[in-house]
Protein chains: 2
Amino acid sequence: MVSKKDNNTESDILEAAKNVFQRKGMFGARMQEIANEAGINKALLHYYYRSKQLLFEAVFKQAFGLMAPKLSAIINSELSLEEKIREFTSNYISFVIKHPYLPNFIIQELNSNPQFIEQLVAEKNFPDIAGFKKQVEEMTAVGKIRPINPNQLFVNIMALNVFPFIGKPLLKGFTKMDEKTYQEMLEERKTAAADFIINAIKLEQ
Amino acid sequence: MVSKKDNNTESDILEAAKNVFQRKGMFGARMQEIANEAGINKALLHYYYRSKQLLFEAVFKQAFGLMAPKLSAIINSELSLEEKIREFTSNYISFVIKHPYLPNFIIQELNSNPQFIEQLVAEKNFPDIAGFKKQVEEMTAVGKIRPINPNQLFVNIMALNVFPFIGKPLLKGFTKMDEKTYQEMLEERKTAAADFIINAIKLEQ
DNA sequence: GTCTATAGCCAGATAGAC
DNA sequence: GTCTATCTGGCTATAGAC
């Protein structure tokens, strides 16, 4: 039995580190700022996590671990292709509206630390999408959807869901949307993004 | 007349800085590494650009200035909506295949330096997309496309074009594509992404 | 314009008291 | 476990010779 009392400091640190790392990234973050946000002392960070690098990895793995299973659960469910797309889009956008820094954090760190990927793949942290690909091929074969490379469809689904969060400043610059309008646009995407995808692939019978 | 000789060192520095900043970001980059890559001494960086911050801004503005006009030219052309989408998608993807670090660099820095946006907007560096929006509304009004919020369509177009570059490590992890397959997928997107968009909005008459 | 040498600062990490 | 004080290294920036 692992003792469960007194794990407050440790989880306070992780929570504070999450906030700071997600806002500032690995290099932009300061241990002092994390300590302040956790309401403790710098030395304690090292007592619990030994180094900045290790603290960062703990945060990253927790963040990634939060996203991956949600995706996996839907991808590998018994739902029809159309239902999967609607379900995933709606769930994902709702989730990320509550954790807006998450996608950018993950993407950014994966881009600057390619070794993370190998590690994550090796540890089987990536949900398998083979079932999804097969489903797309079957739907194509029976003429229910327009022929499409399953990888392309997967990329499109991810792009339409993730990019509005990562590209927010850029998109706001172009479209001149204010913050409120942007949030409404994101809300609308819970169904609008799925509609867009379904329309793109569906064949009238 | 501004003298044009002897601008080699200055442009060597900018080129080296571009490479390092795009790979490592503002905080990850080291002045020493930039100096090495430019084949000169650290002190010279300061001689030409005064500080890391100013050098960074020079790189960023050059990068952003490379992308924005291409987009603007197409958006504000006389092409039909469908042609604009096909033209933009094909041009953008071809361009970024040659400059793969660019989108991530721009997005990342816009996300961590919100003041950049205000500056860019103030300096009118963002192409105006009002003409595009109007075109979408007209096409909707005459029943040529499915009704869609023009902002949503714009977001979708950007997402489908930009995300495959920014999310590359993530997408490779999920789809298990190797590097060669991934590049082929990107090539295919020059037309496939546009097809996807057109199919999503087009109405059979 | 270009270099070497170094100042000055700041952040991560540690020692050691309590 | 938690704190204060301090070490240490690395990085930006500058001084000054050539």
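Below, chains carry the letters A, B, ... as their sequence lines are ordered, and counting in each starts from 1.
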Exercise for the section: Whole angstrom is fine here: how far is it from CD in A:Glu33 over to C1' in C:dA11? Expected result: 13 Å
Completion exercise
From the candidates C:dG1, C:dA15, C:dA13, the one with an atom nearest any side-chain atom of A:Ala43 is C:dA15
Handout entry: Distance under 6.0 Å and angle within 45° of ring axis: A:Lys70 vs A:Phe95
Key = yes
Exercise for the section: Rounded to the nearest angstrom, tell me the gap between atom CG in B:Asn8 and atom C1' in C:dT2. Expected result: 15 Å
Problem - Nearest-neighbour nucleotide for the B:Tyr48 side chain, C:dG1, D:dT2, C:dA13 considered - result: C:dG1
Practice task
Take the protein atom CG of A:Asn41 and the nucleotide atom P of C:dC18, then report the distance between them rounded to whole Å.
Solution key: 16 Å
Exercise for the section: Taking atom types as modelled, find out whether A:Ser80 and A:Glu83 have a side-chain donor-acceptor pair closer than 3.5 angstrom. Expected result: yes
Exercise for the section: Taking only the side-chain heavy atoms of B:Arg30 (C-beta and beyond), determine which of D:dC3, D:dT12, C:dA13 contains the nearest atom. Expected result: D:dT12
Exercise for the section: May I ask you to say whether A:Glu179 pairs ionically with A:Lys168, meaning some side-chain N is under 4.0 Å from a carboxylate O? Expected result: yes
Exercise for the section: Can you tell me the distance, in whole Å, between the CG atom of A:Leu44 and the C1' atom of D:dT4? Expected result: 12 Å
Completion exercise
Between CG of A:Leu45 and C1' of D:dC3 the distance, given in whole Å, is 13 Å
Problem - B:Asn156 versus A:Arg189, side-chain donor and acceptor atoms under 3.5 Å - result: yes
Problem - Distance, rounded to the nearest Å, where A:Lys42 contributes NZ and D:dC7 contributes P - result: 14 Å
Practice task
For A:Ala35, report the nucleic acid contact type (base, sugar-phosphate, nothing); a contact means any heavy atom under 4.0 Å.
Solution key: nothing
Practice task
Output yes when at least one side-chain N/O atom of A:Thr9 is less than 4.0 Å from OP1 or OP2 of D:dT2, else no.
Solution key: yes
Handout entry: Ion pair check, B:Glu82 and B:Arg86, cut-off under 4.0 Å
Key = yes
Practice task
Using only side-chain N and O atoms of A:His46, determine if any of them is under 4.0 Å from OP1 or OP2 of C:dT14.
Solution key: no
Problem - Rounded distance in Å - OH (A:Tyr49) to P (C:dA13) - result: 15 Å
Handout entry: Proximity to the side chain of B:Ile40 - top-ranked nucleotide from C:dG12, C:dC3, D:dT2
Key = C:dC3
Practice task
Could you state the atom-to-atom distance from CG of B:Leu54 to P of D:dA13 in whole Å?
Solution key: 9 Å
